[in-house]
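Below is one structure, written out as structure tokens; the observations come after it.
Numbers restart at 1 for each chain; the letters A, B, ... are given by sequence-line order, proteins then strands. Because the structure is predicted, anything quoted here is derived from the model rather than measured.
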Number of protein chains: 2
Amino acid sequence: MLAGISYGEAKKTLGEQAYESIREEILSLRLHPGQTVYESDFTRMLNMSRTPVREAVRALSMERLIEVLPQRGMKIALISERQVEETRFVRESLEVSAVACLADKSGSPEVRANLEEALHRSLEEQRRCVQQEDAVRFLHADDQFHQVFLQALGNITLASIVSQMRGHLNRVRMLSLFEPEAMIQLVHEHEQIVEAVLSADTDQAARAMRAHLGRLMEDLPIVKARYPDYFDASDGTAR
Amino acid sequence: MLAGISYGEAKKTLGEQAYESIREEILSLRLHPGQTVYESDFTRMLNMSRTPVREAVRALSMERLIEVLPQRGMKIALISERQVEETRFVRESLEVSAVACLADKSGSPEVRANLEEALHRSLEEQRRCVQQEDAVRFLHADDQFHQVFLQALGNITLASIVSQMRGHLNRVRMLSLFEPEAMIQLVHEHEQIVEAVLSADTDQAARAMRAHLGRLMEDLPIVKARYPDYFDASDGTAR
DNA sequence: TATCGTATACTTGTATACAAGTCAATATAA
DNA sequence: TTATATTGACTTGTATACAAGTATACGATA
């Protein structure tokens, strides 16, 4: 291999690049919920042909982040209260099971050691974000914290489902932009989860995670009131 | 609309047709785990161009039912013990949460009424399959039984994840071809779940479903021993 | 004989051409 | 004026052409 060139980074197909780029545009809200877009917008933006763009669009449409209107274009998915709650429910179920399983296994020294190190590092990073009042970076640190458990569990299928679910939830969180007190509260809840898992208290770990993810969309009504255009008005009726 | 033609059936794109056809070929094992196939096989089989075939292949590859080898072809995914266990874990987590939630709600008369009717009908169908010793039809009835809960819960996101998970598990079940006693045992477990949910006993419903899905892949070692070629030998190492 | 280079016949990845549906503006007719 | 065709400029769905990577057979060379 040529020195310095593509050291370790696997070469991605254009389709994969398109998927990642467009998804990031959607989750960052640079593409607005409800906005009408066309394949041609993406071919121009990414400077590639329709084929890889369509591939990405199909994938995002299966993920329910894009709604394709045949022969008429496509819409960036509105934030749907129903979709958010469905997604939150799935995340709660899977992550509760994950930490319960990990708490069971945390008797084993090598599992425990890896987990402990990674969790404490993540908590430190979160505290730094709080101190610097950097909400966007905190959002990322929060996701990373949860990712630590999924990584440790080693269930790739579960991890990829959860990260897909996070997409829908994070658009809401981007709009809520935490107050410092909210971040402090979240760090506190995280600490309780860590405490329970590392002390191998399965039930307490499950309860703590369930409570934590139960409160995840607590301020959705406020966000919805402030950005009504981004939300699906006909929620609950047809989909 | 022309009388008798496409009465109520939404017109599907070729891509969707290809997805369903190929998926069915894989799950029925008519396409063997590990078998090498090419896009051209599907274009001939389905009499359409590469574009919709590729669309289907991409989707199935995300579902991990097909493994694409760039520039070399593709392989029908081997049955991976790891994949099966990951998938079973996800299903257990989600379905336990689902029945727990339903048991909570089954105090409400209209929820209860709908559920009760559908569940008892499904149990009857299962008993018929046992009586006629029709294992394939039983497999389908079993899936339908679980689907009743997901339908009643009304969480479309959760339901579609579970039905995706079922794909990997059902290839194993197709190979195990139940003995009559095994079917009787499964019906019995189903009855216990129904009993618990309808009597609003949340904990018992969760326990019964967890036990039921915990035993789901009990005979995987036997199947693996009988059909070693269909299984991923390098399981647990790289993926 | 064994090794290496090369041509070739595959494959998938990507770009483009063509078909067909949708919508809005506009011309036409009552 | 109002209702109805009609046209045309869009869109996505589908087919095909082209680019580039991979494996294999085969012949030249040591």
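Under the 3.5 Å distance criterion, the side-chain polar atoms of B/His32 are left unmatched by any main-chain donor or acceptor of B/Ile76. A donor-acceptor contact shorter than 3.5 Å links the side chain of A/Ser93 to the backbone of B/Ser93. Between the side chain of A/Glu86 and the backbone N or O of B/Thr157 there is at least one donor-acceptor pair closer than 3.5 Å.
For B/His140, the ring-ring contact (aromatic ring centres under 6.0 Å, His included) test picks out no residue, with sequence neighbours left out.
Remark: P of C/dT12 and CD of A/Glu55 are 13 Å apart, rounded to the nearest angstrom. Taking atom CG of B/Leu46 as the reference point, atom P of D/dG13 lies 18 Å away to the nearest angstrom. Going from atom CD1 of A/Ile66 over to atom P of D/dT12 covers 11 Å, rounded to whole Å. Whole-Å rounding puts the B/Lys12 NZ to D/dT14 C1' distance at 18 Å. The CG atom of B/Leu69 sits 13 Å away from the C1' atom of D/dG21 (whole-angstrom rounding). In this structure, the CE atom of A/Met74 is 8 Å from the C1' atom of D/dT12, given to the nearest Å. Between A/Arg54 atom CZ and C/dA15 atom C1' the separation is 14 Å, expressed in whole Å.
Note that the two end axes of the helix from C/dT1-D/dA30 to C/dA30-D/dT1 enclose an angle of 20°, each drawn from 5 base pairs, rounded to 10 degrees.
Residue A/Ser49 places at least one side-chain N or O under 4.0 Å from the OP1 or OP2 atom of C/dA15.
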Pair B/Gln17-B/Ser21, side chain to side chain donor-acceptor pair (under 3.5 Å): steps then yes or no: CA-CA 6 Å; B/Gln17 290 175 39; B/Ser21 300; over 6 Å; no

Salt bridge (charged side-chain N to carboxylate O under 4.0 Å, His left out) between A/Glu92 and A/Arg88, worked out: CA-CA 6 Å; A/Glu92 177 184 312; A/Arg88 195 206 56 74; 2.6 Å; yes

Worked verdict on A/Ser122 versus A/Gln126 for side chain to side chain donor-acceptor pair (under 3.5 Å): CA-CA 6 Å; A/Ser122 174; A/Gln126 290 171 54; 3.1 Å; yes

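With distances taken from any side-chain atom of A/Arg58 to the nucleotides C/dA15, C/dT12, D/dG13, the minimum falls on D/dG13. Distance from the side chain of B/Pro52 is smallest for D/dA15 among the nucleotides C/dT14, D/dA15, D/dT12.
Two residues are said to be in side-chain contact when any heavy atoms from C-beta on lie closer than 4.5 Å; B/Arg58 and A/Arg58 fail this criterion.
Residue contacts for A/Thr13: at a heavy-atom cut-off of 4.0 Å it reaches the sugar-phosphate backbone alone, with no base atom in range.
Counting only residues at least two apart or on different chains, the salt bridge (Lys or Arg N to Asp or Glu O under 4.0 Å) pairs with a member in residues 24-39 of chain A are A/Glu25-A/Arg30, A/Glu39-A/Arg50, A/Glu39-A/Arg54.
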Per-nucleotide protein contact string for nucleotides 17-26 of chain C (B base, S sugar-phosphate only, - none; heavy atom under 4.0 Å): B---BSS---

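Less than 4.0 Å separates DNA chain C from at least one heavy atom of each of the following residues of residues 32-45 of chain B: B/Tyr38, B/Glu39, B/Ser40.
Counting heavy atoms of neighbouring residues, nucleotides and ligands inside a 6.0 Å radius, atom CD of B/Gln151 does not exceed 12 of them.
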Using a 3.5 Å cut-off and no angle test, enumerate the donor-acceptor pairs between side-chain atoms of residues 221-230 of chain A and protein atoms at least two apart in sequence or in another chain.
| from | atom 1 | to | atom 2 | distance (Å) |
| --- | --- | --- | --- | --- |
| A/Lys224 | NZ | A/Glu81 | OE1 | 2.6 |

